[in-house]
Amino acid sequence: MDKTYSPQNIEQPLYERWEKAGYFRPSNQGDSYCIMIPPPNVTGSLHMGHAFQHTLMDTLIRYKRMDGFNTLWQVGTDHAGIATQMVVERKLAAQGVNRHSLGREKFIEKIWDWKAESGGTITQQMRRLGDSVDWERERFTMDDGLSKAVQEVFVRLYEDNLIYRGKRLVNWDPKLKTAISDLEVENKESQGSLWHLRYPLADGATTADGKRYLIVATTRPETMLGDAAVAVHPDDARYSSLHGAYIELPLTGRRIPIIVDDYVDQEFGSGCVKITPAHDFNDYDIGKRHDLPLINILSDDAHILSAAEVFDVKGLPRTDVATALPEAFAGLERFAARKAIVAALEAEDLLDKIEAHTNKVPYGDRSGVVIEPFLTDQWYVRVAPLAETATQAVENGDIQFVPKQYENMYFSWMRDIQDWCISRQLWWGHRIPAWYDDSGKVYVGRSEQEVREKHSLAADVALHQDNDVLDTWFSSALWTFSTLGWPDDTEALKTFHPTDVLVTGFDIIFFWVARMIMMTMHFLKDEQGKPQVPFKTVYVTGLIRDEQGNKMSKSKGNVIDPLDMIDGISLDTLLEKRTSNLMQDKLAQQISKRTKAEFPEGISAHGTDALRFTLAALASTGRDINWDMKRLEGYRNFCNKLWNASRYVLMNTEDQDCGLAGGELELSLADQWIIERFNGTVKQFRSALDQYRFDQAAAIAYEFTWNQFCDWYLELTKPVMTQGNAAQQRGTRHTLVHILEQLLRLLHPLLPFITEEIWQRVSKLAGTHADTIMNQPYPQVQSIRFAQAQDDMEWLKQVIVGIRNIRGEMDLSPNKPLPVLIAKADETAKRRLTDNGSFLAALAKLENVSFLSDADEIPASATALVGRMEIHIPMAGLIDKDAELARLGKAIEKAQKELQRMAGKLNNENFVSKAPADVIEKEREKLRDAEETLAQLQEQHARILEL
RNA sequence: GGAUGGUUAGCUCAGUUGGGAGAGCACCGCCCUUACAAGGCGGGGGUCACUGGUUCGAGCCCAGUACCAUCCA
């Protein structure tokens, strides 16, 4: 083996070999275990959050695969409608082309071209991360099979009256000119104004205090052109005489009623609210209650119309309202219109005042522009009936969230769930399988052919398909079963559905998880007809943030590509990566300044295994993770440690007798101890993984490998290798090889590459060789064989530590062998020391060990205690009196403090009378120990003092 | 305004039925001892945010306060 660990030399070739050999395929043996990957955007690239989730999924899959399950990690990508369409439009714009001049078909071709060009990025990244997904089953939400499933679901939901079309107020993105769902809207607080407008009363009416107008306050004065009423609270005495009166709406000449509604907040502003049902969600609801006209004054790109469009609450045209709008504003963009309208009102002395006001403004999370509540025809899923079943599945534990608190988040959303707007005015996506005849009548079916047959439409009836496509989440909601072949009744579906665990971020619980549960439970039933859940467990991860705790985002320029952690990257390349394609120079400068401060030397290579181990170690449940380069470095060192420990094992075992061919095996105390210690580690490690405590699993692995196996066991094998007889050497070699071989299997799910690389050599010596470690049995917990060895060895370690402690604190050279005197040793201690002299000599670097009887006088010495036993290192010429006194003083102080605490507790009447007997006994024992320890130390202190 | 999570060593974080405060990194001292200097050995360091309560006993349970974060309105 190379002297230094070089992940870049081993990782990629191993992955290629695994993939070629088909190790990622389900074995078709054993119980099934299946994880569905959250499909990433096909034209995107993986960030640290993906690397994190993929690490956890791959760890689980590799663990279960080795543990005998028939595992499938289903892989695939998502077409990401808006995001992808935007990217391609931007690319085309750079060439001076827009999609409309290109036409729908040509444009979609361009998107497929782009997918072909960029779609490999993600799959390549996944291979570098070691993801053991079944590539042969890779799916894409727009491929034929999944498109068929989407169509089938749409048609069946429509037939079940769970999909409908209607003219509703939607969140409209005026830049992308499409509806978006309320989840895609980000409400941001901003400093705006509140305009107080005077609305003249009609027919000479006056307010209680004699005014001829009402004052309404609004954050969006431009929408006044679409006002349909002014509302007051029914109990508001100021306006009770005006119920049923009218307003002369300024600028438009429209006559609108004053209505009465509980919704109005009497305290806010004047207590009068303008109602604009076509441009505000709350007003829309009021409009429905009062049968107000919906007066739309905006075009689809948010410019003022020259004539309003008026509908009733059912979306049918209404003709009793004048549609005329002032010419002066026609064609003005909404924010320009706001200025112009405020100016016009002011000119007519209708502007009472302007107040500063903080309000929430909705922004499209893709386009970044202000979202407009807008009246359009859209398709909706009626979710209430689906939500009920989906809620129950979590309530009754068929689906469990880890950590559990996310269940509340799920419930609260499900309780107030709104119908889901699923149509998008885009070209990239699944086209809605609905056709219209010339009268606008709608027919839903799997094809135009089917529609014609079903409705007996003559060939000369013209039909045209709906232009819109479905929300991307509509297709990903079907992911768990569409990828397994649904609507066909496939073997894969029977084997792997319901799947086992879903690993995903909390940010898409609503977008994706909840919708998957609803759709799956509606369409898939078990043999008894009971709805099937898509997965039994949802493991929710936090976000990976940068070292300052900021969210990683392109615009902040703090995104980390996991491959840069693996391969390393120079500062120049990193700067280039982070600042190219940025619109603003100023931003680029900021980013490059911060990047230079954070990574002055760029990033060095750490390898995939170290990255994965770090991500696992940071995965404490349910909270965000602040990325920490130091942790990554630490775990790369850990890999290096494992590498070098393996080198040591191989150097001492290859081409030597490891007992494979028989021969007497004598196991040393250390051999027996490490066997049990490993056994305990297997138990803990499995239990951690079973509970999704990847952080604990990593800590357990680290502690055993470094602090026990390397620091103690390997050192303990050295005296055997140099001084042991044949049977002893055979026994130790056998143990070395077998513990390492099993340790590699234990660690494989977290560290797939380094373990495979080393295992290929070690397994030969252990007689368990195979083509890959990937499908070898996972270590099982064994019954305990060497109970006494555990106690003996842990005790011996204390002795060694005690001597090292003196050596360290007394500044004695590690090279100088020390003579040791033992006093107050009982029979057990004597046995332990005499049986293991060579271990003691080697690890504590001793010259000799001799026992003192109680009668012997103890020479001047530095002292350590192990239980009651005293370890003395004679001071003659070695040890400084004052230093030893100081050392003892510190120990005495510590013992006194301990003693005081114990005594205080036991002198407390309440404690003695109320605490459980075993606790009291434990405290008494501790008190006795402390007393004896203190006495021994004081005695020693006095002795030294006399010198 | 409502909900949830957080506040533990210089930094990043563990702490699982309430019973002697832990890890990694950083820091200090000694050491290139044939697996590893990406290392070895030893060491220092914490009023567990604050206030009160329950309890013989609270980092942990309860109430409240402050600050931070996220989600919802």
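Computed over heavy atoms, backbone and side chain alike; hydrogens, waters and symmetry mates excluded. Chain identifiers are assigned alphabetically (A, B, ...) following the order of the sequence lines, protein sequences preceding nucleic acid strands; residue numbering begins at 1 within each chain.
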Check this for me: does any side-chain nitrogen of one of A:E884 and A:R887 sit under 4.0 Å from a carboxylate oxygen of the other?
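Judged by the 4.0 Å cut-off on N to carboxylate O distance, A:E884 and A:R887 do form a salt bridge.
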Below 4.0 Å from chain A heavy atoms, what is the first contacting nucleotide of RNA chain B and what is the last?
B:G5 to B:A73
Throw together a table of side-chain donor-acceptor distances under 3.5 angstrom for residues 707-723 of chain A, partners on residues two or more places apart or in other chains.
unit_1, atom_1, unit_2, atom_2, d
A:Q708, OE1, A:K797, NZ, 2.8
A:Q708, NE2, A:E703, OE2, 2.8
A:Y713, OH, A:D671, OD1, 2.5
A:E715, OE1, A:K718, NZ, 3.2
A:E715, OE2, A:K718, NZ, 3.1
A:T717, OG1, A:Y648, OH, 2.7
A:T717, OG1, A:L714, O, 2.6
A:T722, OG1, A:K718, O, 3.1
A:T722, OG1, A:P719, O, 3.2

Name the nucleic acid region contacted by [X], choosing base, sugar-phosphate or nothing; use a 4.0 angstrom heavy-atom cut-off, strictly under.
{"X": "A:C710", "value": "base"}
{"X": "A:D507", "value": "nothing"}
{"X": "A:K630", "value": "sugar-phosphate"}
{"X": "A:F638", "value": "nothing"}
{"X": "A:K3", "value": "sugar-phosphate"}
{"X": "A:N640", "value": "base"}
{"X": "A:R631", "value": "base"}

Output all residues satisfying side-chain hydrogen bond (donor to acceptor under 3.5 Å, both in side chains) with A:T863, sequence neighbours left out; order by chain, then residue number.
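A:T863 satisfies side-chain hydrogen bond (donor to acceptor under 3.5 Å, both in side chains) with A:H872, A:Q940 once adjacent residues are dropped.
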Return each pair, listed once, that meets side-chain hydrogen bond (donor to acceptor under 3.5 Å, both in side chains) where at least one residue sits in [range]; pairs must be two or more places apart or across chains.
{"range": "residues 898-916 of chain A", "answer": "none"}
{"range": "residues 602-616 of chain A", "answer": "A:E11-A:T608, A:D58-A:R612"}
{"range": "residues 692-702 of chain A", "answer": "A:R693-A:D695"}

When you measure from every atom of RNA chain B, which of [range] have a heavy atom less than 4.0 Å away?
{"range": "residues 604-613 of chain A", "result": "none"}
{"range": "residues 890-904 of chain A", "result": "A:E898, A:R901"}
{"range": "residues 644-655 of chain A", "result": "A:N644, A:A645, A:R647, A:Y648, A:M651"}

Consecutive-pair stems (at least three Watson-Crick or G-U pairs, under 3.5 Å) that include RNA chain B
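Expected stems, ordered by start: B:1-7 with B:66-72, B:10-13 with B:22-25, B:27-31 with B:39-43, B:49-53 with B:61-65.
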Could you say whether A:I625 or A:L714 is positioned toward the 5' end of RNA chain B, judged by the nucleotide with the nearest heavy atom to each?
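Nearest-nucleotide comparison on RNA chain B picks A:I625.
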For A:Q8, all residues meeting side chain to side chain contact (heavy atoms under 4.5 Å, CB included), sequence neighbours excluded:
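Result, side chain to side chain contact (heavy atoms under 4.5 Å, CB included) vs A:Q8: A:S6.
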A:Q742: what forms a side chain to side chain contact (heavy atoms under 4.5 Å, CB included) with it, not counting sequence neighbours?
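With neighbours one apart ignored, the set is A:F678, A:H738, A:I739, A:R745.
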